[in-house]
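A note on names: the letters A, B, ... follow the listed sequences, proteins ahead of strands, and every chain is numbered from 1.
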There are 2 protein chains.
Amino acid sequence: MADDLELDRQVCFALYAASRAVTQLYRPLLDALGLTYPQYLVMLVLWEHGPTTVKELGRRLELDSGTLSPLLKRLETANLVTRRRLAADERSVEVHLTDAGRSLRSRATTVPRKVSAATGLTSHELRSLRRDLVRLTEAVGSSRLDPDQP
Amino acid sequence: MADDLELDRQVCFALYAASRAVTQLYRPLLDALGLTYPQYLVMLVLWEHGPTTVKELGRRLELDSGTLSPLLKRLETANLVTRRRLAADERSVEVHLTDAGRSLRSRATTVPRKVSAATGLTSHELRSLRRDLVRLTEAVGSSRLDPDQP
DNA sequence: CCGAATTCGATTGTGCGCAACTCGATCGTG
DNA sequence: CACGATCGAGTTGCGCACAATCGAATTCGG
């Protein structure tokens, strides 16, 4: 019905708009570090876990090599990471922080607090929002919608 | 601190991942209609409100002309919309549905129900999630973070 | 072992998002 | 009315996302 199509903009569009708005919030902070938001996510994984294969980055960030390969190439050009093939499995590439990549961490520590303050939500609301979003992502990830089914 | 950087992936990453997961959920349904998700949003506005200027589409969808102009050109090539300058203000371009664009609406009516069913959330949870997302978007939209401020 | 299937990463091509810019139309002020 | 400022679209350039494909390395089944 027409009503369904009007209502449709409610949750899904809200999610789409919120995600872009938050990315915009990060932009000036990350510009100062010379990073984009996806690049920042990669750096977060490397800061937290150390050397990580491309496959593992893809698993943690839910991104594929078509996104990660050129992104990592740009981080390498920026002298923040290096890549090397694993001796144990020459198919795998492990991403390592450079000294510059490691030292960038200290300049990034103020980012999360600024962002969460700007959201205008309490930490309780943020936690509740996160829980719903994770549930949504998990439920949606296991669905394969068929356009011909009801 | 290091802890902050780990926590940072919590809400913001959840939002980023959920948004992409939901877009993936739409993809097979919209592929059957020959639309991308942003194109579908434009069609929703046109189905609901009729002829709309590019500026008004941008206001409703929070997209700028750099995104909308090429998107509308593709919808025009697909024969779903036409564009014409307003006589009253030659700067403005009004977007109109073609007959094919109007008739696509009936094939889109099943999309919202399929998507909301696949989210695995109750309608109450979806409403609560939407409310938080809208608040987040509004709070974030009025913030301009300065990398040099605390 | 050995050939087929799988895995990993990179590449290609398309379509956003968004900043920065251009250009013509319009508006505001003197 | 003149003219500088502003406005609305469009264009350009860059960096994702993601589907599809490729090639090399590895694993698996017979």
Side-chain angles (χ1 to χ4, degrees), chain A residues 13 15-28 30-31 34-43 52-59 61-78 81 83-95 141 144, chain B residues 13 16-28 30-31 34-43 52-78 81-95 137 141 144:
Chain A
F13 175 69
L15 187 56
Y16 166 79
S19 178
R20 285 185 295 127
V22 169
T23 299
Q24 290 302 98
L25 191 61
Y26 275 94
R27 189 176 304 276
L30 297 183
D31 276 353
L35 295 173
T36 65
Y37 182 67
Q39 289 169 8
Y40 170 69
L41 293 176
V42 167
M43 296 301 285
T52 308
T53 62
V54 174
K55 176 173 178 55
E56 176 71 3
L57 284 171
R59 191 187 64 74
L61 303 178
E62 300 174 38
L63 292 171
D64 69 7
S65 69
T67 300
L68 287 172
S69 287
L71 185 156
L72 291 170
K73 191 182 294 183
R74 284 185 283 271
L75 287 180
E76 196 165 31
T77 301
V81 307
R83 285 186 285 184
R84 81 180 65 120
R85 298 247 164 216
L86 288 183
D89 184 342
E90 294 275 345
R91 292 171 304 181
S92 294
V93 169
E94 202 170 48
V95 182
R144 292 292 177 272
Chain B
F13 175 70
Y16 166 79
S19 178
R20 286 185 295 127
V22 169
T23 298
Q24 290 301 97
L25 191 60
Y26 274 95
R27 190 174 303 275
L30 297 182
D31 276 352
L35 295 173
T36 65
Y37 182 67
Q39 289 168 8
Y40 170 70
L41 293 177
V42 168
M43 295 301 285
T52 308
T53 63
V54 173
K55 176 172 177 54
E56 175 70 4
L57 284 171
R59 192 187 63 77
R60 290 187 182 277
L61 303 178
E62 298 173 40
L63 292 171
D64 68 7
S65 70
T67 300
L68 286 173
S69 287
L71 185 157
L72 292 170
K73 193 183 293 184
R74 284 185 283 271
L75 287 180
E76 197 165 29
T77 300
V81 308
T82 59
R83 285 186 285 185
R84 82 178 64 121
R85 296 252 163 211
L86 287 184
D89 185 342
E90 293 276 346
R91 291 172 303 182
S92 294
V93 168
E94 200 170 48
V95 182
T137 303
R144 293 291 176 271

Inset, instruction - Could you check B/D89 against A/Y16 and say which one's nearest nucleotide on DNA chain C is further toward the 5' end? - result: A/Y16

Inset, instruction - Send over the distance from A/R20 CZ to D/dC16 C1', rounded to a whole Å. - result: 14 Å

Legend entry - Gap separating the CG atom of A/L75 from the NZ atom of A/K73, nearest 0.5 angstrom: 12.5 Å

Inset, instruction - With a 4.0 angstrom cut-off to heavy atoms of chain A, pull out the first and last contacting nucleotide of DNA chain C, in 5'-to-3' order. - result: C/dT7 to C/dA19

Inset, instruction - Starting from the 5' end of DNA chain C, give me the residue, B/P38 or A/L72, whose nearest nucleotide shows up first. - result: A/L72

Inset, instruction - Anything under 30° is parallel, anything over 60° is perpendicular, the rest tilted; go ahead and classify A/Y40 against A/Y26. - result: tilted

Legend entry - Minimum side-chain heavy-atom gap B/E76-B/V95 below 4.5 Å: no

Inset, instruction - Please name all residues satisfying side chain to side chain donor-acceptor pair (under 3.5 Å) with B/E56, sequence neighbours left out, ordered by chain then number. - result: B/R59, B/R60

Inset, instruction - Would you indicate whether the side-chain heavy atoms of B/T137 and B/E62 approach each other to under 4.5 Å? - result: yes

Inset, instruction - Select base, sugar-phosphate, or nothing to describe what A/R83 touches, counting heavy atoms under 4.0 Å on all strands. - result: sugar-phosphate

Result block: side-chain N/O donor-acceptor pairs under 3.5 angstrom for residues 64-72 of chain B, not counting sequence neighbours:
from: B/D64; atom 1: OD1; to: B/G66; atom 2: N; distance (Å): 3.1
from: B/D64; atom 1: OD1; to: B/T67; atom 2: N; distance (Å): 3.1
from: B/S69; atom 1: OG; to: B/S65; atom 2: O; distance (Å): 3.1

Inset, instruction - Give a yes or no on whether a donor-acceptor pair under 3.5 Å exists between the nucleobase atoms of D/dG8, that is its base, and the side chain of B/S65. - result: no

Inset, instruction - Take atom CG of B/L86 and atom C1' of D/dA9, then tell me their distance rounded to the nearest Å. - result: 12 Å

Inset, instruction - Could you tell me whether A/T67 contacts a base, only the sugar-phosphate backbone, or nothing, with contacts defined as non-hydrogen atoms closer than 4.0 Å? - result: base

Inset, instruction - Grab the CG-P distance between A/L57 and D/dA17 for me, whole Å please. - result: 14 Å

Legend entry - Value in whole Å for how far the C1' atom of D/dG10 lies from CD of B/E76: 13 Å

Inset, instruction - Figure out the CZ/C1' separation between A/R74 and D/dC14, and round it to whole Å. - result: 8 Å

Inset, instruction - Tell me what A/L71 touches on the nucleic acid: a base, only sugar-phosphate, or nothing, going by heavy atoms under 4.0 Å. - result: sugar-phosphate

Legend entry - Per A/R91 side chain, nearest of listed nucleotides D/dG10, D/dA17, D/dT27: D/dT27

Legend entry - Length of the line joining B/R27:CZ and D/dC18:P, which is rounded to integer Å: 7 Å

